[in-house]
Amino acid sequence: MSIDGRIGWSREELATRAAMDVPDGSYVNLGIGIPMLIASHLPSDREVWFHTENGVLGLGGAPSPDEVDPDMQNAGKEYAKIVLGAASFDSALSFAIVRGGHLDIAVLGAMQVSPSGDLANWSVPGRTPGVGGAMDLVTGTKQVWVLMDHTDRDGRTKLVDHCTLPLTGLRCVTRVYTTLGVFDIAGSYFDCRELAPGVHTQTVTELTGADVAFGHLR
Amino acid sequence: MSIDGRIGWSREELATRAAMDVPDGSYVNLGIGIPMLIASHLPSDREVWFHTENGVLGLGGAPSPDEVDPDMQNAGKEYAKIVLGAASFDSALSFAIVRGGHLDIAVLGAMQVSPSGDLANWSVPGRTPGVGGAMDLVTGTKQVWVLMDHTDRDGRTKLVDHCTLPLTGLRCVTRVYTTLGVFDIAGSYFDCRELAPGVHTQTVTELTGADVAFGHLR
Amino acid sequence: MIDKLRDDVLETMSIIPSGASVAIGGFGLTGVPAMLCDALCQLDRRDLHVVSNNAGIDPTGVGRLVHEGRLRKFTGSFPSNPEFLPLLHSGQVELELVPQGTLAERLRAAGAGVRAFYTPTSAGTDLATGNYPSRYDRDGHVVEWMSPKDVRVIDGQACVLEFALATDFALVKSTRADRLGNAAFRLASRNFNVPAAMAGRVTVCEAQTIVDAGDIDPDSVHLPGIFVQYVVQSKDRRLADPVVPVA
Amino acid sequence: MIDKLRDDVLETMSIIPSGASVAIGGFGLTGVPAMLCDALCQLDRRDLHVVSNNAGIDPTGVGRLVHEGRLRKFTGSFPSNPEFLPLLHSGQVELELVPQGTLAERLRAAGAGVRAFYTPTSAGTDLATGNYPSRYDRDGHVVEWMSPKDVRVIDGQACVLEFALATDFALVKSTRADRLGNAAFRLASRNFNVPAAMAGRVTVCEAQTIVDAGDIDPDSVHLPGIFVQYVVQSKDRRLADPVVPVA
C-alpha cells in the first residue's frame, strides 16, 4: 500500500504540523530533508533560532542569486542566509552547543523508530555510511523529534518494535511525526496523540510494527 | 650563610642571564616574581611572544598611568599593555595553549627542585594554597625553567635530592637558573653548565642538597 | 520573541537560592560580575558553592562574598584572598583546589557534553592522590581530604580523570551583550566568563553596554546567546569599551 | 622575528611527506584549503591519512585527493563522496567513521592537552561496539572492524572513551591571516579549521587575504598564531571578505 499523496499528510503538511509545536523562543536544529521544511512553515508569531552544525546560530533561508555569500552554507551544503543577531563559531563550539544540551529541539529524518525511542537513521547496507552529526544531536538535545513517512518506499513500516538497522542512538526520540499522525514515545508502545485528516486508527495499527495506543487522541 | 646580594647573581642579573637563552621567536610564559623580570631584560635582537594565563598572547610591559586599560591585566593582576599582533581568548583556550604543548618555555619560581626534574613551588604549610596555573604549565610546556635563589631565607638549599614539599609536577623541570649558576636536569644529579661570576664549584657543592657535576662547565 | 534583557537586578538574581552552586567569571579585576555578586549579598544568599578561579583580591565580586561569609564551598585555583584561609581552617568553608587549566576545562566540559576527561595535569601530586585537605573542623583539624583521582596511563603518560563541573547558575561580566544573550569581551576580561557561562544551567550576564541584536558582528560573538539566560545592565561606569560608549 | 609568511606554496608543502596524517579544515564548500590540497597532488603525495569532516563534495579539496587515490585512510563523519565507497569496498582505503561532534572534540582535545574524554555520543551503537567495518579486501570482504570503545557509566549515563586525535600536519583556510599566524574567519567558513589547526603538529594556513600584524583586532582573532606554523596567500580569488579587499 502506498501512502505518499494518498492518505494522511503530505510532506509539506507534515512540516507545517510539526512547526505548530515549536515553541516561541526555541533553539532548534533541523536535519537535512523534510525536517528543513519546518523553517519555512513556522507560524508568524514565533521567533525560533536555528542552529546549523557547521557553525552558525541564527541560520536564515535561501539567498537570492545576488545574495549568495560564499562563506555561508547550511549543513546540507546549500548557500544560506543568516538572521540579525546570528553568531558564528567553530565546529568544536558548534557541537558543544549540541552535546552540552543547549538545543531545545532536534528534528531528524529516520529509517526506523522504536517505542522505547531507539532511532536508526544513518546506515543502510550499500549506501555511503555518513553519520554526520546525528549521533551528537540525539544524545545531546532536550527533545528529539522524528519527521518521516510512516512507511518506506516498499510499504514497510518505519515504526517498529525493535530497530533492525544500525542505531543512531538508544532511547533518544521523544516524539514522532509521520504522514499518518503524531506519536509520543511511551516505552513499550507508541502513544498516538493525533491522526492526520482522514486517517483511521485501524490504518495506523495495520501500518505500525509495534503497539499503538489511542487513549490520548485529541 | 646568606646569598642574596653577597655572592653570585642578583635577581636582575639572574633574569638577564636567563633572558640570553630565550631563542628569537619563542612563545614564553613567565611566572609571577623573578621570572617576570626576563621580559624587560631580553636582548634587543629577539622577538619573543609572552603568553599570560588570563587570556592574551602578546603581553606587553607596564602601562603609564594614562595608558591603563581596565580590561587588560597580566596573570599577576597588574595592569599591562599588549603588543601589536596580540590575540585574546578565554581561559579554556588559554590553557589549551598551555596544556596542548604549544608554548616553548615556561619560567617559574620554585621552593625545591630535584635532579630528576621534580618541582615543588605551590604549597608551603601555613600559606594560602594557591596552585594557579603552575601544574598546567609544568606538564604542558616543552621546556620548563626554574629561576630562583639557590637557597631559601634560612639558608637552606632549594636544589634537593628529593622534594619534601608538595609537588607541582614530576620530572618536568628541564633547567634551573639560580643565583649561583645554571644547571641542567640530569636525572640523578644537577649538571652545572655555568657558574655566576666569583662563585666556586666548592660553594655550589656545599649549598646543593644533591650531587652536582661540573664536567660541562663552559 | 526572545528578550533576555532584565531591568531589575535584584528580581532577576532572586532566582538564585541560598545553597546554590554558582560559577563566577573574572580574573583579578577584569571581567568580574561585581554587581551580580553585590546582588547576592543584598539578597542575603548564604551557603553558596562558588566556583571561580580566584577567591577575590579586593572586597568586591567573589571577595565580598568571602568577606561576608556567604560560601559553604569554594572550587578554584587561587584562594589567595587573605580572608579565605581563616575561614577554611576554622571549618566554615570547604575547599576544592583545582589547577587553573583543569578548572577551565572542567567548566567547558560541563557545557560541551564532555562528562569527564583525562589530563596529565596534577598526576602524581597531592591534588590527585587524596593527600590534600578539603575540610577542617573549628579547631583546625583536617576532617576531609580531596578524593583521589582515577589514573590511566595514556601513551606512556599518567593522566588523571577529571569530571565535568556543572553549576546551577553562572554569573558573567561582558563588555557588550544583546537581547539574545550574545556577548563580546575585551582583551583579558573574557577569561573564565565563557567557560563559566557554558557550565551554568542558568547564566546571568552583567553587560557593560547593551547593544541591539546584530550590533555584534556574528564573527565577533565570543559567547553565543544560547549560553545566556538573562542580561542586565551593569552599573559599573568604567569606560572600557572605546568602540561602543557606555549607554 | 617571527615571519610565518611563505611565497612558494609547493616548497612550503613539500615538508609533508607521503604517508603523513593530515587534518584538513572545511565543510562543504566553505573554508576548504583547496590550494593546499592541490599542492599535495602536484607534489604527488600518496598514502595519506586524511582527517576531515567530509570526503569532498566536488573534485576540489579533499575531493581531489580522493579522486586521485591519494588516501590510505580517511577519518571523518561524512564520507559521502560517491568516489569514496568503491575505494573503501575494494580495500584501497581504510575508514574510521566518527560522529561529527566527536571528531571536532577529538581534534580540539589533541591541541588542548586532553588525552581522552568520555561522551555519551555513539554509546551503544555499532560505532562503539566494534560492529562497524573499517577495512575490506579487494573482493569486498571485511578484514578489519573499528575497535570497540571503553564504556563507563557516569551519572547513570553510558559514555564511551574517545582519544585525542593528533595529526602530523593540518591544512586550514582562513579569511585573513598575518605574519604571526593569527587567523580570522567569516561565518560558516570557520568550522573545522580551528580544531584542525589545534590538532596538527605543523599547521599550514591558506589565507584569502594576508594582513599586517595588528590589523586583526586581538578580540577578533579566532585562531591565535601559536597554532599556525606557515601562512600562504590563497590563489582563490573569491571576494568573500567585504571588510578587507583581497590583496
Side-chain angles (χ1 to χ4, degrees), chain A residues 22-29 42-60 69 71-73 80-106 133 135-142 144 169 172, chain C residues 1-5 23 104-117 164-167 170 174 176-185 190 194-203 205 210-231:
Chain A
V22 177
D24 186 36
S26 302
Y27 293 104
V28 178
N29 182 292
L42 283 173
S44 58
D45 62 342
R46 313 279 165 90
E47 181 181 272
V48 174
W49 282 76
F50 293 108
H51 168 269
T52 179
E53 290 98 305
N54 52 329
V56 171
L57 187 64
L59 179 67
D69 181 329
D71 286 330
M72 186 56 214
Q73 294 193 316
K81 293 195 289 189
I82 57 170
V83 301
L84 203 69
S88 56
F89 28 77
D90 68 38
S91 297
L93 190 67
S94 184
F95 279 89
I97 288 173
V98 170
R99 293 150 66 111
H102 306 282
L103 293 176
D104 296 304
I105 306 170
M135 288 188 181
D136 309 289
L137 283 160
V138 300
T139 47
T141 313
K142 288 166 199 154
V144 175
C172 56
Chain C
M1 190 179 118
I2 296 180
D3 187 2
K4 300 179 180 179
L5 301 178
E105 195 70 26
R106 287 179 64 196
L107 290 167
R108 179 195 174 275
V114 169
R115 299 290 187 264
F117 58 87
L165 179 49
T167 58
S174 76
R176 292 184 285 162
D178 64 22
R179 68 162 172 94
L180 302 161
N182 291 316
F185 305 83
R190 200 184 318 178
V194 171
M198 291 177 73
R201 289 183 197 93
V202 174
T203 294
C205 175
I210 289 172
V211 298
D212 288 336
D215 278 5
I216 308 177
D217 183 80
D219 299 326
S220 297
V221 173
H222 299 127
L223 180 64
I226 197 167
F227 293 110
V228 174
Q229 280 64 48
Y230 301 104
V231 176

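The chains referred to below are lettered A, B, ... by the order of the sequence lines, with proteins before strands, and numbering in each begins at 1. As the structure is a prediction and not an experimental result, all values here were calculated from the model.
The candidate with the highest count of non-hydrogen atom pairs below 4.5 Å against chain A, out of C:M198, C:H222, C:M1, C:R201, is C:M1. Listed options C:A213, C:A166, C:G111, C:A110 were ranked by heavy-atom pairs under 4.5 angstrom with chain A; first place goes to C:G111.
Side chains of A:F89 and C:D219 form no contact here, defined as non-hydrogen atoms less than 4.5 Å apart. The side-chain heavy atoms of A:I82 and C:P218, taken from C-beta on, include a pair separated by under 4.5 Å.
Side chain of A:H102 to backbone of C:A112: no donor-acceptor contact under 3.5 angstrom is found. No donor-acceptor distance shorter than 3.5 angstrom exists from the side chain of C:N182 to the backbone of A:A87, with no hydrogens or angles considered.
Put simply, CG on A:L93 and CZ on C:F227 are 5.0 Å apart, with the number rounded to the nearest 0.5 Å. To the nearest 0.5 Å, atoms CD (A:E47) and CG (C:L180) are separated by 6.0 Å.
Residue contact with chain C, scored on non-hydrogen atoms closer than 4.5 Å, involves the backbone and the side chain of A:L103 alike. Only the side chain of C:R179 comes within less than 4.5 Å of a heavy atom of chain A; its backbone N, CA, C and O stay farther away.
Closest heavy-atom contact between C:I226 and A:L57: CB-CD2, 3.7 Å.
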